[in-house]
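When a ligand or atom number is given, it counts from 1 through the structure's own listing order. Hydrogens, waters and symmetry mates play no part in the numbers below; they use all other heavy atoms, side chains included.
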Amino acid sequence: MIKKCLFPAAGYGTRFLPATKSMPKEMMPIVNKPLIEYGVDEAIQSGIAGMCIVTGRGKHSLMDHFDKNYELEHQILGTKKETLLEDIRATIDAASFTYIRQKEMRGLGHAILTGHDLIGDEAFAVVLADDLCINPNQSVLAQMVALYKQFRCSIVAVEEVPENETHRYGIISGQEIKDDLYRIDNMVEKPESGTAPSNLAIIGRYILTPDIFDILKNTGPDKNGEIQITDALLTQAQDGCVLAYKFKGKRFDCGSVKGFIEATNYCYENIYLQSDTHS
Ligand code: G1P
């Protein structure tokens with residue numbers, strides 16, 4: 001039903017300089033696995049097999065990661081180290097990967113519009129790999145795909161954040177139509193402090209219906225010259241229906257150093273040490 005997932009991955013990752021000077025921020029590892037691989041695995045767990053990645057200059061290692069490395073595989077063939085490649089091999093086998101280059105950075109809405117040719121005319125998921133979401137029972141995207149099957153409209157993931165952090169997110173307000181599900185009536189991208197319509201912040205997981213592309217084409221830039229998906233979704237919400245879903249699970253903001261370290265500690269304790277591939 002949702003067959004493709006778009007990964008905007010063209011950004012510079014300036015908050016992690018100098019680490020991201022020549023390495024894509026999506027390749028920063030949480031323990032021993034790059035951030036983007038967590039996102040791709042989450043999409044696979046949601047029944048999605050088409051990974052559409054919007055890249056930019058200097059992102060070749062992303063493409064190499066989701067491909068065979070014959071020399072390396074030959075070197076470690078038959079050794080104990082081969083088990084370390086099991087997960088990524090399974091990921092590569094379970095999905096197809098297509099790429100498109102975003103030539104200029106003009107905001108998340110522009111990145112999503114850049115992916116139009118890869119997605120085509122069907123509903124699709126969007127994962128922002130910076131937001132690492134973990135739920136061992138049902139991934140956050142899988143929860144949203146299940147909701148899409150029922151409601152057939154665009155859905156954004158939301159989480160309650162402290163009031164002094166609302167200026168860092170897209171913020172929604174709406175009517176709660178059932179437990180943890182809101183019909184959006186307003187949304188604002190990074191509201192100035194004291195003006196947020198609620199404390200429900202959009203997290204980097206979206207299901208979007210394909211009419212979003214035409215809306216994005218007609219969405220003007222914000223005061224920073226960026227085209228925001230939040231603005232396009234507000235238009236969609238005013239003309240029809242957009243839902244916000246307070247997801248079940250943990251989320252780490254790996255776009256910040258603090259969130260990155262918290263994610264690292266959590267994954268080390270709860271995933272890495274629990275698996276037997278590292279011994
Ligand atoms: C983007 C979106 C914002 C959302 C956030 C979630 O912002 O524009 O609405 O709340 O992702 O991570 P960014 O963090 O790319 O500035």
Side-chain angles (χ1 to χ4, degrees), residues 5-16 20 24-26 28 30 35-36 38-39 42 53-56 102 104-115 125-134 140-141 144 154-174 182 184 186-193 195-208 212 215-216 219-237 242-247 249-260 262-263:
C5 183
L6 191 72
F7 295 83
Y12 296 124
T14 46
R15 276 191 278 180
F16 280 92
T20 47
K25 65 171 175 168
E26 297 78 14
M28 300 258 299
I30 299 291
L35 260 176
I36 188 125
Y38 287 89
E42 183 180 338
I53 304 184
V54 179
T55 65
Q102 187 182 1
E104 40 180 359
M105 305 304 144
R106 286 174 50 209
L108 180 56
H110 179 252
I112 292 173
L113 193 52
T114 302
V126 177
V127 165
L128 307 185
D130 275 359
D131 280 326
L132 176 60
C133 293
I134 296 181
V140 172
L141 203 55
M144 294 171 71
S154 292
I155 306 169
V156 301
V158 292
E159 176 178 78
E160 287 184 38
V161 297
E163 237 171 77
N164 62 359
E165 286 183 20
T166 50
H167 67 282
R168 293 174 44 206
Y169 298 93
I171 303 291
I172 70 106
S173 67
Y182 301 79
I184 292 177
N186 194 13
M187 55 204 303
V188 187
E189 180 65 15
K190 305 198 174 82
E192 279 175 30
S193 91
T195 67
S198 80
N199 68 339
L200 288 173
I202 303 171
I203 298 311
R205 299 289 180 279
Y206 305 75
I207 304 266
L208 300 174
I212 200 72
I215 301 174
L216 276 168
T219 300
D222 66 5
K223 59 180 187 316
N224 301 316
E226 298 198 335
I227 296 169
Q228 297 298 347
I229 187 64
T230 306
D231 294 340
L233 281 165
L234 178 59
T235 305
Q236 209 181 34
V242 176
L243 298 175
Y245 170 57
K246 212 158 48 155
F247 61 89
K250 273 191 177 301
R251 168 255 173 184
F252 299 95
D253 172 15
C254 295
S256 75
V257 173
K258 182 169 175 280
F260 187 87
E262 285 166 1

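Side-chain contact check for Ile229 versus Leu208: some heavy-atom pair is nearer than 4.5 Å. Contact check for Arg15 versus Ser256: side-chain heavy atoms found under the 4.5 Å cut-off.
Considering only non-hydrogen protein atoms, atom 2 (C) of ligand 1 sits nearest to Glu189 OE2, 3.6 Å.
Aromatic ring centroids of Tyr182 and Tyr245 lie 6.0 Å or more apart.
Counting heavy atoms only, Ile202 comes closest to atom 10 (O) of ligand 1 of the residues Val188, Ile202, Ile203. With distances taken over non-hydrogen atoms, the option nearest atom 13 (P) of ligand 1 out of Arg251, Lys190, Arg168 is Lys190.
Listed by number with element, the atoms of ligand 1 under 4.0 angstrom from any heavy atom of Leu128 are 11 (O). Near Thr230, meaning under 4.0 Å from one of its heavy atoms, ligand 1 places the atoms 9 (O). The atoms of ligand 1 that sit less than 4.0 Å from any heavy atom of Asp131 are 6 (C), 12 (O).
Under the 3.5 Å distance criterion, with hydrogens and angles disregarded, no donor-acceptor pair is assigned to the side chains of Asn199 and Glu163. Using modelled atom types and a 3.5 Å distance limit, the side chains of His110 and Gln102 yield a donor-acceptor pair.
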>> Test side-chain hydrogen bond (donor to acceptor under 3.5 Å, both in side chains) on Gln236 and Ser154; report intermediate values, then the result.
In response: CA-CA 8 Å; Gln236 209 181 34; Ser154 292; 2.7 Å; yes

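Checking only distances, Leu108 never comes within under 3.5 Å of ligand 1, N or O to N or O.
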